[in-house]
Asks: 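Take this structure first; my questions come after.
Every value quoted in this text rests on a predicted model; they were computed, and no experiment measured them. Residue numbers count from 1 along this sequence.
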Amino acid sequence: MVLELKNITKNFGGISALTDVSFKINKGEIFGLIGPNGAGKTTMFNVITNMFLPTSGEISFHGEKISGIKPHKITDKGICRTFQNIRLFSQMSVLENVLVGGHCRSNSGVLRSVFRTKSQRKEEANTHKVATELLELVGLSNYEDVIAENLAYGQQRRLEIARALASNPSLLLLDEPAAGMNETETENLFELIKKVQQRGVTVLLIEHDMPFVMKLCDRIAVLNFGKKLAEGTPEEIQNNQEVIEAYLGSEEDDQIA
């Protein structure tokens with residue numbers, strides 16, 4: 001087991017964004033977190049990465065409690081994420097963006113960098129090697145020197161994933177990676193996430209594209225109004241009546257309308 005959430009609740013004043021949510025993610029899984037708009041999905045990502053502290057409940061990563069740890073320490077432990085809205089360093093090159101992602105794994109301090117010690121030069125060369133390998137993985141090896149904002153939308157999404165992978169995570173959180181993509185870009189993204197899984201990285205995914213989720217994910221949890229509505233395989237979720245009603249409404253709702 002990589003990640004375990006026990007009875008997570010997050011309140012903002014009198015509003016409960018998450019209420020008593022629990023689930024587990026196993027090593028090597030692609031785990032989907034879905035639900036209607038406002039269900040609490042991104043809040044859950046923010047709680048896992050400690051951007052928000054949970055009001056109550058407990059989060060364990062590889063068996064270690066991580067609730068209350070500073071966000072940059074969460075990255076050090078092996079959790080990295082992307083965001084709904086692309087957050088690249090827009091005026092930096094594609095390669096530089098990925099190099100920044102690997103900075104947290106650097107051991108060279110100020111003095112080593114200033115005096116360009118042998119160990120610092122070796123580490124710098126290795127970081128560059130990893131970055132170029134990741135750009136090849138995401139299909140951007142021919143764009144190293146291109147300024148990030150000049151990439152097409154789908155390419156920017158893939159660059160953001162490469163930058164996240166540069167931190168060498170064991171758990172990658174993807175927040176709506178297929179949002180705004182066309183059919184070809186979505187298919188390329190599907191293949192990329194499968195490649196990430198094959199590298200031994202566990203993936204937690206938020207996504208609204210249901211065919212994409214059902215085809216990609218091993219297991220899925222559904223949130224609705226901040227509560228866990230269901231959990232299971234894609235087939236089980238597709239046939240769950242409560243999930244169907246949460247997305248499409250019930251016959252009673254139609255009658256009221």
Asks: Whether K129 and E133 form a salt bridge (side-chain N of Lys/Arg under 4.0 Å from carboxylate O of Asp/Glu) is what I want to check.
Replies: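 Salt bridge between E133 and K129, a charged N being under 4.0 Å from a carboxylate O: yes.
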Asks: Should we count CD of E183 as having more than 12 external heavy atoms under 6.0 Å?
Replies: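 At most 12 heavy atoms, drawn from other residues, nucleotides or ligands, come within 6.0 Å of this atom.
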Asks: Atom CG in L171, atom NZ in K27: separation rounded to 0.5 Å?
Replies: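 Separation between the atoms: 12.5 Å.
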Asks: What heavy-atom pair brings I59 and I48 nearest, and what distance separates the two atoms?
Replies: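 Answer, listing the atom of I59 first, then I48: CD1-CA, 3.9 Å.
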Asks: Please examine the side chains of L88 and L159, heavy atoms only from C-beta on, and report whether any two atoms are closer than 4.5 Å.
Replies: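 L159 vs L88: side chains touch.
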Asks: Checking the side chain of T19 only, and the main-chain atoms of T9 only, is there a donor and an acceptor separated by less than 3.5 Å?
Replies: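 No: the side chain of T19 does not pair with the backbone of T9.
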Asks: Before giving the answer on side-chain contact (heavy atoms from CB on, under 4.5 Å), spell out for V203 and I25 the whole-Å C-alpha distance, their side-chain angles and the decisive distance to 0.1 Å.
Replies: CA-CA 9 Å; V203 178; I25 302 177; over 6 Å; no
Asks: Treat each ILVMFWY residue as a node, draw an edge where side-chain heavy atoms are under 4.5 Å apart, and state whether M51 and M44 are in one component.
Replies: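 In one cluster with M51: M44, no.
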Asks: First locate atom CG of D209, then atom CE of M181, and finally report the distance between them rounded to the nearest 0.5 Å.
Replies: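 So the CG of D209 and the CE of M181 are separated by 10.5 Å.
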Asks: More than 12 heavy atoms of other residues, nucleotides or ligands under 6.0 Å from NZ of K73: yes or no?
Replies: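 It does not: K73 NZ has 12 such atoms or fewer within range.
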Asks: Which pair of heavy atoms, one from A131 and one from L95, lies closest together, and at what distance?
Replies: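 Nearest pair, atom of A131 first, then L95: CB-CD1, 3.8 Å.
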Asks: For Q238, does the CD atom have more than 12 heavy-atom neighbours from other residues, nucleotides or ligands under 6.0 Å away?
Replies: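 Counting other residues, nucleotides and ligands, CD of Q238 exceeds 12 neighbours.
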Asks: Do T82 and L173 come close enough that some side-chain heavy atom pair is under 4.5 Å?
Replies: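 No, every pair of side-chain atoms sits at 4.5 Å or beyond.
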Asks: Verify whether one side chain among S93 and D145 offers a donor that lies under 3.5 Å from an acceptor in the other.
Replies: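 There is no such pair (donor and acceptor under 3.5 Å, judged by atom type) between the side chains of S93 and D145.
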Asks: Report yes or no: is the cationic atom of K41 (NZ for Lys, CZ for Arg) under 6.0 Å from the centre of the six-membered ring of F45, at an angle within 45° of the ring normal?
Replies: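 No.
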Asks: Might you confirm whether atom CG of L53 has over 12 heavy atoms from other residues, nucleotides or ligands at distances under 6.0 Å?
Replies: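 Yes, the 6.0 Å shell around CG holds more than 12 heavy atoms from other groups.
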Asks: In Å, rounded to the nearest 0.5 Å, how long is the span from CG of L140 to CG of L134?
Replies: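 One gets 10.5 Å once the value is rounded to the nearest 0.5 Å.
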Asks: Distance-only, no hydrogens or angles: does the Q156 side chain make a donor-acceptor pair with backbone N or O of Y153 under 3.5 Å?
Replies: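 Such a contact is absent between Q156 side chain and Y153 backbone.
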Asks: With sequence neighbours excluded, give me every salt bridge (charged side-chain N to carboxylate O under 4.0 Å, His left out) pair touching residues 210-223.
Replies: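 Found E29-R219, E187-K215, R219-E231.
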Asks: Looking at N150 and V146, would you say the former's side chain and the latter's main chain have a donor-acceptor pair under 3.5 Å?
Replies: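 Looks like no, no N/O pair under 3.5 Å.
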Asks: Can you tell me if N7 uses its side chain to pair, donor with acceptor, with the backbone of D20 under 3.5 Å?
Replies: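 Pair absent, no side-chain N/O of N7 close to backbone of D20.
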Asks: Ignoring hydrogens, what is the shortest heavy-atom contact between N26 and V2? Give both atom names and the distance.
Replies: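 Taking N26 first and V2 second, the nearest heavy atoms are C-CG2, 4.1 Å.
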Asks: For E185 and G180, work out which heavy atoms get closest and say how close.
Replies: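 Heavy atoms only, the tightest pair is OE1-O, 4.3 Å.
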Asks: Can you check side-chain contact (heavy atoms from CB on, under 4.5 Å) on F31 and L3, steps first, answer last?
Replies: CA-CA 11 Å; F31 191 97; L3 187 73; over 6 Å; no
Asks: Would you say that R199 contacts L137 through its side chain, given a criterion of any heavy-atom pair below 4.5 Å between the two side chains?
Replies: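 Yes, at least one pair of side-chain atoms sits under 4.5 Å.
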Asks: Kindly determine whether E207 and I34 satisfy side-chain contact (heavy atoms from CB on, under 4.5 Å), including the steps that lead there.
Replies: CA-CA 6 Å; E207 187 52 62; I34 67 173; 5.6 Å; no
Asks: Would you check, one step at a time, whether the test side-chain contact (heavy atoms from CB on, under 4.5 Å) holds for L174 with I206?
Replies: CA-CA 6 Å; L174 300 176; I206 293 174; over 6 Å; no
Asks: More than 12 non-hydrogen atoms from neighbouring residues, nucleotides or ligands closer than 6.0 Å to CZ on F225, yes or no?
Replies: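 No, not enclosed.
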Asks: K70: what forms a side-chain hydrogen bond (donor to acceptor under 3.5 Å, both in side chains) with it, not counting sequence neighbours?
Replies: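 By the side-chain hydrogen bond (donor to acceptor under 3.5 Å, both in side chains) rule, K70 matches no residue at all.
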Asks: Could you tell me if the side chain of S170 sits less than 4.5 Å from the side chain of F61, heavy atoms only?
Replies: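 They are in contact (side-chain heavy atoms under 4.5 Å apart), so the answer is yes.
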Asks: Ignoring hydrogens, what is the shortest heavy-atom contact between V21 and G226? Give both atom names and the distance.
Replies: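 Closest pair (atom of V21, atom of G226, distance): CG2-O, 3.4 Å.
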Asks: Search all heavy atoms of P54 against all heavy atoms of S67 and return the closest pair with its distance.
Replies: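 Looking at all heavy atoms of both residues, the closest pair is CG-OG, 4.4 Å.
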Asks: Hey, could you give me the NZ/OG distance between K227 and S16, rounded to the nearest 0.5 Å?
Replies: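 Atom-to-atom, K227:NZ and S16:OG are 8.0 Å apart.
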Asks: Return yes if some donor-acceptor pair links the side-chain N/O of K228 with the main-chain N/O of V222 below 3.5 Å, else return no.
Replies: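 Absent.
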Asks: Going by an N to O cut-off under 4.0 Å, is there a salt bridge joining E64 and K77?
Replies: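 Looking at K77 together with E64, the answer is yes, because their closest N to O distance falls below 4.0 Å.
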Asks: Are the side chains of F212 and L205 in contact, using a 4.5 Å heavy-atom criterion?
Replies: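 L205 reaches F212 side chain to side chain.
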Asks: With distance as the sole test, does Q197 use its side chain to make a donor-acceptor pair with the main-chain N or O of G28 at under 3.5 Å?
Replies: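 The answer is yes, because a donor-acceptor pair under 3.5 Å joins these two groups.
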Asks: Compare all side-chain heavy atoms of N240 with those of I244 and state whether any distance is below 4.5 angstrom.
Replies: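 Contact flag for N240/I244 side chains = no.
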Asks: Could you give the distance from CD (E4) to NZ (K24), rounded to the nearest 0.5 Å?
Replies: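 E4 CD to K24 NZ: 4.5 Å, rounded to 0.5 Å.
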Asks: Where the side chain of E160 meets the backbone of I86, is there a donor-acceptor pair that is under 3.5 Å apart?
Replies: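 Absent.
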Asks: Can you tell me how far apart CD1 (I30) and CG (L216) are? Round to the nearest 0.5 Å.
Replies: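 Here the interatomic distance stands at 4.0 Å.
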Asks: Would a 4.5 Å heavy-atom cut-off, applied to side chains only, mark F83 and E176 as touching?
Replies: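 No, every pair of side-chain atoms sits at 4.5 Å or beyond.
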Asks: Taking the side chain as every heavy atom from C-beta outward, state whether L18 and N11 have any pair of such atoms under 4.5 Å apart.
Replies: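 They are not in contact (no side-chain heavy atoms under 4.5 Å apart), so the answer is no.
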Asks: Going hydrophobic residue to hydrophobic residue with side-chain gaps under 4.5 angstrom, can you get from V100 over to I147?
Replies: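 Unlinked, V100 and I147 end up in two clusters.
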Asks: Considering only NZ, NE, NH1 and NH2 on the basic side and carboxylate oxygens on the acidic side, decide whether D175 and R81 come within less than 4.0 Å.
Replies: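 The answer is yes: the pair qualifies as a salt bridge.
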